[in-house]
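All values below come from the heavy atoms of this structure, side chains included, with hydrogens, waters and symmetry mates left out. In listed order, ligands and their atoms are each counted from 1. Keep in mind that this is a model prediction, so the values were computed, not measured.
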Amino acid sequence: MADKIKDAKIIFVVGGPGSGKGTQCEKVVAKYGYTHLSSGDLLRAEVASGSERGKTLQAIMQKGELVPLDTVLDMIKDAMIAKADVSKGFLIDGYPREVKQGEEFEKKIGAPCLLLYIDAKGETMVKRLMKRGETSGRADDNEETIKKRLDLYYKATEPVITFYTSRGIVRKPLL
Ligand SMILES: Nc1nc2c(ncn2[C@@H]2O[C@H](COP(=O)(O)OP(=O)(O)OP(=O)(O)O)[C@@H](O)[C@H]2O)c(=O)[nH]1
Ligand SMILES: Nc1ccn([C@H]2C[C@H](O)[C@@H](COP(=O)(O)OP(=O)(O)O)O2)c(=O)n1
Ligand SMILES: [Mg+2]
């Protein structure tokens, strides 16, 4: 099964919470027809299913923490396999959140050819998420959790950008 995605074209999309990863991915899908897989959306779908696993995930996400690495990776991999036959390439949105997640992805699936870095100022991200929280219904779009997600982004996720910059595959779209 996993053979199906062995040579898939993979683009990581990384940026802070509310930086606009999902928004930019939709534009890339419209223009280039890639398959958009948002790790956050996959996790929220599991929560919405009401499963036991979903309940555990919900509690972690509500605190603004990262769910166990294997859980997210398995979900992404299953979603990629399901689309392998019809996909020109994959936009992996919101992953990796830490360098270790990137390393495990490469071991189990493959290497990315590109990392799109969606950059935004901290205050901009907070403002957008507070606004989105008025209608999103997302349990983590509240002031306290937003602050934790932002802290975690600077601590754990920014090193991901540094890691892939040294490989020469990071591009920052001008928005
Ligand atoms: N003004 C402005 N707002 C934007 C832009 N891009 C996204 N937004 C808004 O900012 C909010 C967050 O955008 P998303 O695309 O959901 O951001 P994200 O990075 O996927 O965020 P998470 O789902 O939290 O991972 C949404 O309400 C968007 O409408 C932009 O370029 N300019
Ligand atoms: N690779 C991932 C992606 C998301 N998560 C969890 C933790 C995140 O705060 C939530 C929501 O992720 P999403 O990418 O939708 O949102 P933020 O960028 O954090 O605003 O899911 C994770 O633990 N590991
Ligand atoms: Mg998103």
Side-chain angles (χ1 to χ4, degrees), residues 10-31 34-49 53-80 90-109 112 115-161 163-164 172-175:
I10 293 158
I11 299 174
F12 286 156
V13 183
V14 178
S19 58
K21 301 181 292 291
T23 305
Q24 294 309 317
C25 282
E26 277 172 33
K27 294 188 179 187
V28 175
V29 168
K31 191 158 176 188
Y34 289 174
T35 303
H36 175 207
L37 294 177
S38 156
S39 48
D41 288 352
L42 292 172
L43 291 168
R44 283 185 286 278
E46 182 72 29
V47 172
S49 79
R53 180 157 85 155
K55 284 180 193 141
T56 312
L57 295 174
Q58 162 88 335
I60 298 171
M61 289 160 73
Q62 200 154 2
K63 283 192 278 183
E65 295 170 3
L66 292 181
V67 311
L69 190 155
D70 289 338
T71 308
V72 198
L73 193 50
D74 284 348
M75 282 181 178
I76 294 176
K77 191 171 171 188
D78 289 347
M80 286 178 75
F90 294 93
L91 289 166
I92 312 292
D93 162 4
Y95 190 101
R97 290 297 234 268
E98 53 185 2
V99 173
K100 180 106 177 79
Q101 287 192 358
E103 289 170 344
E104 287 302 310
F105 186 102
E106 294 197 37
K107 264 191 229 159
K108 290 201 179 150
I109 300 175
L115 186 152
L116 287 181
Y117 170 32
I118 313 296
D119 194 13
K121 278 196 291 190
E123 55 181 294
T124 306
M125 296 194 258
V126 173
K127 233 185 273 169
R128 286 184 190 170
L129 291 176
M130 290 301 290
K131 177 96 192 123
R132 188 176 70 182
E134 289 169 15
T135 53
S136 71
R138 271 180 58 164
D140 57 353
D141 279 347
N142 65 76
E143 198 166 0
E144 194 189 337
T145 310
I146 290 168
K147 190 178 173 310
K148 286 199 202 148
R149 282 149 75 197
L150 210 55
D151 285 348
L152 188 61
Y153 170 70
Y154 290 124
K155 205 168 69 190
T157 312
E158 276 201 339
V160 171
I161 313 283
F163 180 82
Y164 286 103
K172 194 161 124 176
L174 292 171
L175 306 174

Could you tell me, atom by atom, which parts of ligand 1 come under 4.0 Å of a heavy atom of [X]?
| X | value |
| --- | --- |
| Arg149 | 24 (O) |
| Gly16 | 19 (O) |
| Gly22 | 15 (O), 18 (P), 20 (O) |
| Thr23 | 6 (N), 7 (C), 13 (O), 14 (P), 15 (O), 28 (C) |

Polar contact flag for Arg44 and ligand 2 (N/O pairs, less than 3.5 Å): yes

Proximity to ligand 2 by part of Arg128, non-hydrogen separation under 4.0 Å: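 No part of Arg128 comes within reach of ligand 2.
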
Region of Val67 engaging ligand 2 - heavy atom pairs below 4.0 Å: both

Selection from Met125, Arg138, Lys27 by shortest heavy-atom distance to atom 23 (O) of ligand 1: Arg138

Closest to atom 18 (P) of ligand 1 among Lys21, Arg44, Glu134, Met130 (heavy-atom distance): Lys21

contact_flag Ser19 ligand 1 heavy-atom lt 4.0 Å: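 Ser19 counts as a contact of ligand 1 under the 4.0 Å cut-off.
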
Proximity flag Gly18 to ligand 1, non-hydrogen atoms under 4.0 Å: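 Contact check Gly18 vs ligand 1: positive.
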
Result of checking Glu104, Glu103, Glu98 against Lys100 for salt bridge (charged side-chain N to carboxylate O under 4.0 Å, His left out): Glu104

